[in-house]
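Have a look at the structure below before the remarks.
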Amino acid sequence: MIHVLIADNQELVRQSLQTVLNLEQDIQVIDTVENSSDILRAVQKRNPNILLIDICMLESDDFACLQTLQENYPDIKVIILTTSDDPKYIFNTIKYGAKGYLLKEISTEELTNAIRRVHQGGAMIHGMIASKMVTMFSRMTQSNHTIQADTRHVTNLKQTEWQIIALLEHGLSNKEIASELNLSEGTVRNSLSDILKKLNLRDRTQLAIWAVQIGTLNRIFKTKE
């Protein structure tokens with residue numbers, strides 16, 4: 001069972017989401033909160049698998065709540081469900097570990113599929129948001145706002161590790177990567193841990209952004225030559 005905590009400042013939205021999600025056999029809404037100050041208390045008390053949050057309800061722009069969640073509750077997957085496509089929100093929520101960014105215009109089926117995918121270790125980004133992200137990443141590569149990896153060990157990355165990075169960049173879960181490369185999930189998980197240590201990156205989100213910056217597919221092609 002996937003346990004979901006909903007954080008939204010609109011009562012109607014909270015009730016509607018709770019109703020539709022509880023119709024799913026494998027999803028259960030275990031609590032709802034209406035303000036950001038209640039999120040951490042609810043997380044500590046209820047220990048959800050998924051936090052479904054409207055980013056617009058955060059009381060400040062420093063995203064301290066998401067940062068605290070990432071640092072203290074790394075197993076809880078955060079999905080943003082909002083009306084905002086503000087690049088500032090998109091960048092900062094992904095920076096602080098969100099695994100999904102969806103707009104409220106999506107269907108119930110799209111939402112439940114996103115919850116399942118993120119719960120399994122994948123990521124889900126709304127199509128419109130993905131387009132904005134491509135633009136953002138393009139600008140990032142021409143500025144100083146990039147993910148800085150420890151490049152001393154880049155040449156030591158194995159071919160399989162580059163393939164894992166490329167599949168991660170496209171949002172695949174550990175299970176999906178394992179299936180694509182005919183590996184066990186344990187091998188993929190251990191390889192990701194090794195990659196993060198080699199590059200001195202914090203998490204798979206930073207790794208995915210770094211992969212976009214350097215052009216992973218080009219790197220894979222070159223290693224085959």
Side-chain angles (χ1 to χ4, degrees), residues 1-8 13 16-18 20-30 39 43 48-58 63 65-66 69-70 73-137 147 164-180 185 188-189 192 202-212 216:
M1 183 68 71
I2 305 173
H3 293 152
V4 178
L5 170 66
I6 297 171
D8 196 292
V13 172
S16 299
L17 286 172
Q18 184 171 18
V20 298
L21 291 179
N22 280 342
L23 293 174
E24 303 295 317
Q25 294 184 348
D26 59 338
I27 298 175
Q28 180 185 10
V29 176
I30 56 174
I39 291 176
V43 162
N49 304 120
I50 298 287
L51 171 59
L52 195 61
I53 179 174
D54 184 347
I55 196 64
C56 295
M57 72 177 287
L58 294 184
F63 300 90
C65 177
L66 294 182
L69 283 168
Q70 183 185 58
Y73 304 95
D75 292 334
I76 297 177
K77 309 289 197 312
V78 175
I79 298 176
I80 307 302
L81 181 64
T82 186
T83 57
S84 176
D85 61 354
D86 187 329
K88 173 187 65 178
Y89 286 146
I90 300 169
F91 177 80
N92 282 295
T93 53
I94 292 176
K95 175 183 177 181
Y96 290 120
K99 305 304 180 186
Y101 199 108
L102 308 172
L103 298 180
K104 287 183 176 178
E105 64 189 45
I106 64 171
S107 67
T108 300
E109 182 180 4
E110 289 173 318
L111 176 59
T112 54
N113 287 340
I115 289 173
R116 294 184 182 102
R117 178 163 187 154
V118 170
H119 180 251
Q120 292 171 358
M124 185 63 71
I125 307 295
H126 192 282
M128 186 184 302
I129 300 301
S131 297
K132 286 181 175 288
M133 287 177 64
V134 170
T135 301
M136 261 197 308
F137 289 145
I147 297 297
I164 290 173
I165 294 172
L167 293 172
L168 174 68
E169 176 190 341
H170 288 283
L172 272 67
S173 67
N174 288 354
K175 182 177 181 180
E176 291 168 329
I177 293 173
S179 176
E180 286 285 335
E185 285 189 65
V188 172
R189 185 165 52 250
L192 280 171
R202 183 180 60 234
D203 52 36
R204 60 193 294 143
T205 302
Q206 281 197 339
L207 179 58
I209 294 174
W210 177 79
V212 172
T216 305

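Because the structure is a prediction, the values reported are computed rather than measured. Numbers here simply count residues along the sequence, with the first being 1.
- Minimum interatomic distance between Ala114 and Leu102 (heavy atoms only, all atoms of both residues): CB-CD1, 3.7 Å.
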Can Ile53 and Thr93 be said to form a side-chain contact (heavy atoms from CB on, under 4.5 Å), step by step? CA-CA 11 Å; Ile53 179 174; Thr93 53; over 6 Å; no
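- The minimum heavy-atom distance linking Ser84 with Leu103 is given by the pair O-CD2, 3.6 Å.
- With respect to Leu52, the side-chain contact (heavy atoms from CB on, under 4.5 Å) criterion is satisfied by exactly one of Leu5, Leu21, Val29: Leu21.
- The CG atom of Asn113 sits 10.5 Å away from the OG1 atom of Thr108 when rounded to the nearest 0.5 Å.
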From CA spacing to verdict: side-chain contact (heavy atoms from CB on, under 4.5 Å), Met124, Ile79: CA-CA 8 Å; Met124 185 63 71; Ile79 298 176; over 6 Å; no
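- With a 4.5 Å cut-off on side-chain heavy atoms, Ile55 and Leu66 count as touching.
- The shortest distance between side-chain heavy atoms of Leu17 and Leu111 falls below 4.5 Å.
- Take Gln28 and apply the side chain to side chain contact (heavy atoms under 4.5 Å, CB included) test, not counting sequence neighbours, and it matches Met1, His3, Asn22, Ile30.
- Note that CG of Leu81 is 10.5 Å distant from CD of Glu105, once rounded to the nearest 0.5 Å.
- When the side chain to side chain donor-acceptor pair (under 3.5 Å) test is applied to Asn49, no partner is found at least two apart in sequence or on another chain.
- Heavy-atom minimum distance, Ala7 versus Leu51: CB-CD1, 4.2 Å.
- Applying the side chain to side chain donor-acceptor pair (under 3.5 Å) rule to Lys104 yields the partners Asp8, Asp54; only residues at least two apart in sequence or on another chain are considered.
- Proximity of Arg116 to Asp26: side-chain heavy atoms (C-beta onward) are separated by under 4.5 Å at one or more points.
- Rounded to the nearest 0.5 Å, atoms CD1 (Ile80) and CD1 (Ile125) are 9.5 Å apart.
- Note that CD1 of Ile50 and CD1 of Ile27 are 8.5 Å apart. Values are rounded to the nearest 0.5 Å.
- In this structure, Glu24 and Ile2 have side chains that are not in contact, with every pair of non-hydrogen atoms separated by 4.5 Å or more.
- Counting heavy atoms from C-beta on, the side chains of Ile6 and Val13 never come closer than 4.5 Å.
- When all heavy atoms are compared, the tightest approach of Lys99 to Val118 is CB-CG1, 3.6 Å.
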